[in-house]
Protein chains: 2
Amino acid sequence: MKQFKILYAEDDAALAFLTKDNLELKQYKVSHFTNGQDCLKAFNKEYFDICILDIMLPKMDGFELATAIRKKNADIPIIFLSAKTLNEDKIKGLRLGADDYLVKPFSIEELILKINIFLKRSNKITASNNNFYEIGSIKFDSENYLIIKQEEKISLTQREADLLKLFIENKNIVLKREKILTALWGSNDYFLGRSLDVFVSRLRKIFAAEASISFDNVHGIGFKCSM
Amino acid sequence: MKQFKILYAEDDAALAFLTKDNLELKQYKVSHFTNGQDCLKAFNKEYFDICILDIMLPKMDGFELATAIRKKNADIPIIFLSAKTLNEDKIKGLRLGADDYLVKPFSIEELILKINIFLKRSNKITASNNNFYEIGSIKFDSENYLIIKQEEKISLTQREADLLKLFIENKNIVLKREKILTALWGSNDYFLGRSLDVFVSRLRKIFAAEASISFDNVHGIGFKCSM
DNA sequence: GTCATCATTTAAATATCGTTAACAATTTTT
DNA sequence: AAAAATTGTTAACGATATTTAAATGATGAC
């Protein structure tokens with residue numbers, strides 16, 4: 001089972017400990033930070049599936065943090081946590097592009113339900129646990145990172161498999177570079193773009209002999225997997 | 001612009017009137033019902049993009065209603081509204097498959113923000129935004145920069161696609177050169193104007209065989225796409 | 001620590017696109 | 001009708017984007 005990665009910003013140590021503990025019990029992988037700056041740094045370096053942000057934070061508050069995150073990734077779910085029950089703040093948070101705003105004290109169960117709602121809605125949890133695909137005479141087992149040709153088995157790396165899965169699940173439509181990058185890498189910058197090109201190149205090589213699938217560039221936009 | 005259809009269940013007539021009015025001002029199409037049974041009947045008969053359900057309802061309460069709706073449609077966003085601030089109820093609602101739970105009195109702005117969040121997250125906003133056009137026997141998929149003739153597929157570049165889309169969405173009216181240039185190029189100068197002419201020329205070539213569409217010059221003013 | 005593996009970055013070759021120039025055709029003005 | 005302005009089309013150019021191989025860096029197993 002896939003472990004989802006949560007970026008968690010909270011400066012109240014006791015609350016953070018409890019929350020993190022509860023989430024980890026539910027098999028989430030939680031990276032916790034006590035100030036906005038460190039949190040943003042982590043976001044820029046690592047991949048996360050969802051962000052849970054306190055608003056009152058040292059160095060950079062939750063609003064600024066959310067704004068910075070949204071700029072890099074338009075799609076990642078963001079949930080605010082706050083002691084402030086002010087309607088103004090709630091609205092402000094949602095306007096910035098957050099998905100929800102839980103008022104402290106919140107029940108851990110509510111938080112977990114919300115996390116799952118947004119993981120589902122942002123397609124991080126695949127409703128159909130489909131992980132087995134057929135491309136012409138080639139089979140692809142995404143769970144096991146495995147390509148099965150007639151006799152031969154090729155192991156893919158995680159990135160290769162993730163990219164291939166993304167392409168197959170969005171076949172025959174143009175995927176923008178930005179969309180691919182935020183889906184797989186969590187953000188969108190120049191060098192990640194070059195990296196994507198390398199992986200596309202590898203997939204092409206693997207499927208070179210297979211006429212029924214191709215990974216076509218759409219200049220200036222992104223790629224389209226035709227099959 | 002596409003109008004989203006909201007299924008709204010609320011037995012408090014005054015509140016319902018106000019809410020419906022506000023939502024309609026924002027261009028949503030609201031179907032309002034005062035009891036659960038009628039609401040479910042409507043859901044089974046018509047298409048809706050999102051459901052907003054009060055919990056205390058005559059004949060069939062919001063929880064039952066949501067359960068019935070979820071059974072028919074696993075994906076449609078459901079937002080509960082309730083005067084009950086009981087945490088138990090909130091959790092129960094979310095467990096049933098609702099996406100959110102607003103406590104009355106809620107601000108109309110918050111409701112609207114939430115509606116938009118879930119329309120986006122359930123891909124209603126981008127997916128159904130019109131990006132598919134038919135011109136005589138030719139189809140144009142603007143999202144994928146694709147012209148589909150009988151057998152043949154022609155890939156357009158971004159500019160070509162943008163210009164064609166602009167023409168189609170303003171068919172049979174004269175578009176001033178300046179308007180096209182600022183819409184697509186962001187500014188208006190002599191050489192960009194010549195560039196526009198080149199793109200018009202390319203579109204004409206693509207549709208040369210198609211009698212049902214033409215890109216006509218209006219001397220000294222701009223162009224008109226007739227179809 | 002060393003090695004192996006994979007992801008990222010660099011760099012150089014290659015391809016594509018939007019722009020521009022040139023000239024022909026058309027329309028408008030004089 | 002001639003001159004001027006505008007438009008239509010083609011082709012070439014330069015900027016930008018893409019491809020690929022190869023070098024480098026990071027991570028985890030042993």
Side-chain angles (χ1 to χ4, degrees), chain A residues 3 5 29 31 41-42 44-47 144-147 154-167 174-208 214-226, chain B residues 145-147 154-164 166-167 174-208 214-226:
Chain A
Q3 269 208 324
K5 295 192 68 184
K29 218 168 157 236
S31 299
K41 235 179 268 171
N44 283 326
K45 220 168 56 179
E46 278 178 74
Y47 173 85
N144 295 303
Y145 314 108
L146 216 56
I147 295 271
I154 304 172
S155 268
L156 300 185
T157 68
Q158 171 122 44
R159 278 260 193 274
E160 290 166 348
D162 287 349
L163 180 59
L164 179 55
K165 186 172 180 183
L166 185 70
F167 272 137
V174 175
L175 280 169
K176 300 205 167 120
R177 294 188 91 93
E178 191 200 330
K179 202 170 168 188
I180 301 174
L181 289 174
T182 53
L184 263 68
W185 277 266
S187 79
N188 169 20
D189 76 29
Y190 176 77
F191 285 112
L192 292 176
R194 314 290 76 244
S195 213
L196 166 58
D197 292 329
V198 172
F199 282 98
V200 170
S201 173
R202 288 190 197 158
L203 290 184
R204 282 179 180 144
K205 201 176 271 177
I206 291 168
F207 289 96
S214 69
F215 306 93
D216 310 321
N217 176 256
V218 184
H219 194 98
I221 314 286
F223 295 92
K224 190 175 72 172
C225 169
S226 301
Chain B
Y145 314 100
L146 215 57
I147 295 272
I154 304 173
S155 274
L156 300 185
T157 68
Q158 174 127 47
R159 278 257 194 277
E160 289 166 349
D162 288 349
L163 180 58
L164 179 55
L166 186 70
F167 273 137
V174 175
L175 280 169
K176 298 197 171 132
R177 295 187 90 92
E178 191 200 336
K179 199 171 169 187
I180 301 173
L181 289 174
T182 53
L184 263 69
W185 277 264
S187 77
N188 169 21
D189 76 26
Y190 175 75
F191 284 114
L192 292 177
R194 299 325 324 275
S195 217
L196 166 58
D197 290 327
V198 172
F199 281 99
V200 171
S201 171
R202 289 185 191 161
L203 289 184
R204 282 179 180 142
K205 198 180 272 177
I206 291 168
F207 289 98
S214 69
F215 306 94
D216 311 321
N217 176 256
V218 183
H219 196 96
I221 313 286
F223 294 92
K224 190 176 74 172
C225 168
S226 302

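Chain letters run A, B, ... following the sequence lines, proteins first, then strands; residues in each count from 1.
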Open item on the list: I need the NZ-P distance between Lys176(B) and dT7(D), as an integer number of Å.
Closed with: 14 Å
- [ ] Starting from P on dT8(C), measure out to CG on Asp162(A) and report it in whole angstrom.
- [x] 11 Å
Open item on the list: Please report the distance, rounded to the nearest Å, between CZ in Phe199(B) and C1' in dG8(D).
Closed with: 15 Å
Task: Distance in angstrom units between Tyr145(B) OH and dT16(C) P, rounded - done: 18 Å
Open item on the list: At 4.0 Å (heavy atoms only), tell me whether Glu160(A) reaches a base, stays on the sugar-phosphate, or touches nothing.
Closed with: nothing
Task: Residue closer to the 5' end of DNA chain C, Leu156(B) versus Ser195(A) (nearest nucleotide) - done: Ser195(A)
Task: Rounded distance [0.5 Å steps], CG in Leu175(A) versus CG in Leu163(A) - done: 9.0 Å
TODO: For the pair Val200(A) and Leu203(A), evaluate side chain to side chain contact (heavy atoms under 4.5 Å, CB included) and give the outcome as yes or no after the intermediate values.
DONE: CA-CA 5 Å; Val200(A) 170; Leu203(A) 290 184; 5.8 Å; no
Task: Integer-rounded Å distance: dT6(D) P and Leu196(B) CG - done: 15 Å
- [ ] Classify the ring geometry between Phe223(A) and Phe167(A) as parallel (under 30°), tilted (30 to 60°) or perpendicular (over 60°).
- [x] perpendicular
Task: Selection from dT19(C), dA7(C), dT9(C) that lies nearest to any side-chain heavy atom of Leu192(B) - done: dT19(C)
Open item on the list: Quick check on dT8(C): is either OP1 or OP2 less than 4.0 Å from any side-chain nitrogen or oxygen of Trp185(A)?
Closed with: yes
- [ ] Summarise protein proximity over nucleotides 10-21 of chain D in one line of letters, 5' to 3': B for base, S for sugar-phosphate only, - for none, counting protein heavy atoms closer than 4.0 Å.
- [x] B------SBBBB
TODO: With side chain to side chain contact (heavy atoms under 4.5 Å, CB included) as the test, would you mind laying out the steps for Phe215(B) and Leu164(B) before giving the verdict?
DONE: CA-CA 10 Å; Phe215(B) 306 94; Leu164(B) 179 55; 4.0 Å; yes
Task: NZ (Lys179(B)) with more than 12 external heavy atoms under 6.0 Å - done: no
Task: Spacing of Leu181(A) atom CG relative to dT8(C) atom P, expressed in whole Å - done: 10 Å
Task: Short side-chain N/O contact from Thr157(A) to OP1 or OP2 of dT5(C), under 4.0 Å - done: no
Open item on the list: Are more than 12 heavy atoms, taken from residues, nucleotides or ligands other than Glu46(A), located less than 6.0 Å from that residue's CD atom?
Closed with: yes
Open item on the list: In this structure, how many angstroms lie between the C1' atom of dA7(C) and the CG atom of Leu203(A), rounded?
Closed with: 14 Å
Task: Distance, rounded to the nearest Å, where Leu184(B) contributes CG and dC17(C) contributes C1' - done: 15 Å
Task: Arg194(A) to Phe191(A), cation-pi by 6.0 Å centre distance and 45° axis angle - done: no
